Amino acid sequence: MAWLDRDRMPVRFTVATSVVSGLIVAAILKAWGQGVAGRAVPAWFALAAGGVAAGAWAVGSAFAQARKRSRRVFLMTSAFSQKYYVAALVQRLHSALDRDGIDLVLKVPDQDYDAGAQSHHLSRILDRRRDYIGGVIFAAEVHRLRDDLIMFCRDSRLPVVFTDIEPFDSAEEYPENSAFVGYDTGELGELAGRWLATNLRGRNRPHVLIIASREHSARQRRCEQVLRTALPDVRITTDDGCAFSRSRAEDAVRIHLRQLPPGATFDAIFCTNDEMALGAVEALPPSTAQRPLVVGIDGVLEARALIDTGQSPLQATVVQDTPRLAGNIVDVLDKMHRGRPVPKRTILPPEIYESVRRRGHGSASGGVGQRAQ
């Protein structure tokens, strides 16, 4: 009977078996009231009792199937195209959730860093909120999306963990059923700035090119602040139009190099993610003479492999540890799902990954523990 398929139609199956079980119980009670008690139990009574037990098992089984179907977590990203850090985090989250028998449903915007696309996904998720036990959100254009995020948390009542970028300015602004787990984006830029200041110390009027994006703008601002404080004669050129794109960063570096006086070069290039750092390396002349130091952010596998060669201008990256981040996200989401208290902000400490020849020479390093607020 296809119309009563327990796996494909658990709700219909539950209703039908509940009705049948109720009729059986009613017949039993009626017979009992007419004097069955005290006499030998007839065969039909035993069969009815068995039917009740079977019906109860069927109902319980149907509810178990429905509950199993709802063990899903959504992940809404702000970008995905050629974003290897995001891909690595998605893989880690999938593995961590899969160990608990939870499926991960990925929601990718049609256009990277587009609040409109994310708002559309929020509406779709809200319509099917009973399919999920919670979710993880990479917010984009938070100044445009903030009201939508507040309404989504209020109306869905699902546990929501934000990561990558904080959508709210303080812990008090987060909706009751939400929290942030991740890195302080400004602190990532600050650590890169400290590493550059250490490795540029002693150079006369060092010139630093910052290749950045308008997303996560605190990274370039905090790096600039550190450099100007530590190196008062530093010259800084910032290009924030590269949108975390490898190809756009490569083109931008080539243009900036052509604009320098003959024979001049940059002492260092800071890129606010590793994809742009890899593009910057491609734009540099193949000669090893006077090539600038390059530092990125994320700690993706390709960047670390290039750093390990010791032959690349890419000398360091500020690591966002995806296994650790995924583990913390899943832990906070699980606690929220169980109704346990969690900190509104869990900030993980970044670390510098640098070439072997620079390790142990006093370069900047990350913190030693996470901060919770």
Side-chain angles (χ1 to χ4, degrees), residues 66 69-94 96-98 102-169 173-183 185 213-218 240-248 272-273 275 298 320 322 325-326 329-330 332-333 336-337 344:
R69 275 182 162 73
S70 71
R71 288 182 63 78
R72 296 175 181 171
V73 165
F74 70 83
L75 169 61
M76 188 176 76
T77 69
S78 56
F80 200 74
S81 177
Q82 296 184 354
K83 300 296 185 288
Y84 296 106
Y85 166 75
V86 175
L89 182 55
V90 169
Q91 183 180 36
R92 296 291 183 176
L93 283 170
H94 175 269
L97 291 166
D98 189 60
I102 300 172
D103 292 330
L104 182 66
V105 179
L106 184 61
K107 299 290 184 179
V108 177
D110 294 333
Q111 180 177 339
D112 287 354
Y113 307 114
D114 179 24
Q118 289 203 308
S119 181
H120 170 74
H121 281 313
L122 290 174
S123 296
R124 294 289 299 275
I125 295 168
L126 190 59
D127 289 341
R128 305 192 63 176
R129 59 189 178 277
R130 291 180 181 83
D131 291 347
Y132 303 102
I133 61 172
V136 181
I137 296 178
F138 290 62
E141 295 187 298
V142 294
H143 59 287
R144 292 180 53 197
L145 195 63
R146 189 173 289 119
D147 289 343
D148 288 346
L149 295 173
I150 292 172
M151 287 189 292
F152 175 81
C153 291
R154 181 196 65 201
D155 296 341
S156 73
R157 300 181 182 179
L158 293 171
V160 174
V161 174
F162 295 102
T163 191
D164 189 50
I165 188 169
E166 293 197 67
F168 304 104
D169 296 328
E173 294 181 42
Y174 279 83
E176 183 179 356
N177 53 327
S178 71
F180 174 83
V181 179
Y183 291 85
T185 192
S213 170
R214 294 180 182 91
E215 294 288 328
H216 294 293
S217 59
D240 67 355
C242 296
F244 292 142
S245 165
R246 184 185 299 204
S247 60
R248 291 177 70 167
T272 56
N273 84 337
E275 283 301 309
D298 283 339
Q320 299 188 83
T322 52
L325 177 56
I329 289 173
V330 171
V332 169
L333 194 62
M336 292 172 69
H337 177 61
K344 284 297 180 184

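Counting from 1, the numbers follow the sequence of the chain as shown. Since the structure is predicted, the reported quantities are computational estimates derived from the model, not experimental observations.
Across all non-hydrogen atoms, the minimal contact from V332 to A179 is CG1-CB, 4.2 Å. What you find for G182 and T163 is that their closest heavy atoms are CA-OG1, 4.1 Å. Summarising the geometry of V86 relative to A79, their closest heavy-atom pair is CG1-O, 3.8 Å, with the distance given to 0.1 Å. Here the shortest heavy-atom pairing between D110 and A117 reads N-CB, 4.1 Å. Contact detail for R154 and R157: the closest heavy-atom pair is O-CG, 3.6 Å. Listed here is the closest heavy atom pair of L145 and A115: CD1-O, 3.6 Å.
The distance from atom CG of D103 to atom CZ of F74, rounded to the nearest 0.5 Å, is 15.0 Å. Distance CZ/R214 to OG1/T272: 11.5 Å, rounded to 0.5 Å. Atom CE of residue M76 and atom CZ of residue R124 lie 13.5 Å apart, to the nearest 0.5 angstrom. Considering NE2 of H216 and OH of Y183, their distance stands at 13.5 Å, rounded to 0.5 Å. Taken to the nearest 0.5 Å, the CG atom of L93 stands 6.0 Å off from the CG atom of L75. With values rounded to the nearest 0.5 angstrom, H121 atom NE2 is found 14.5 Å from L126 atom CG.
Annotation: Q91, atom CD; neighbour count of heavy atoms from other residues, nucleotides and ligands within 6.0 Å does not exceed 12.
By the 30° and 60° cut-offs, the orientation of the rings of F162 relative to F168 is perpendicular.
Checked options I137, D164, D112; the residue passing with S78 is D164 (criterion: side chain to side chain contact (heavy atoms under 4.5 Å, CB included)).
You'll find the side chain of F138 stays beyond 4.5 Å of the side chain of I165, heavy atoms only. Using a 4.5 Å heavy-atom cutoff, the side chains of E141 and E215 are in contact. Looking at Y84 and R246, their side chains come closer than 4.5 Å, going by heavy atoms from C-beta outward. Using a 4.5 Å heavy-atom threshold, the side chains of L104 and V90 count as touching. The side-chain heavy atoms of V161 and M336, taken from C-beta on, include a pair separated by under 4.5 Å. Proximity of P159 to I133: side-chain heavy atoms (C-beta onward) are nowhere separated by under 4.5 Å. Taking 4.5 Å as the limit, some side-chain heavy atom of Y174 sits within range of a side-chain heavy atom of P167. Looking only at side-chain heavy atoms (C-beta outward), L158 and R129 come within less than 4.5 Å of each other.
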N273 and Y85: CA distance, side-chain angles, deciding distance, side chain to side chain contact (heavy atoms under 4.5 Å, CB included) verdict:
CA-CA 9 Å; N273 84 337; Y85 166 75; over 6 Å; no
Evaluate V136 against V330 for side chain to side chain contact (heavy atoms under 4.5 Å, CB included), listing each step before the verdict.
CA-CA 9 Å; V136 181; V330 171; over 6 Å; no
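Between the K83 side chain and the S245 main chain, no donor and acceptor come within less than 3.5 Å of each other. Put simply, the side chain of Q118 gets close to the backbone of A140: a donor and an acceptor are under 3.5 Å apart.
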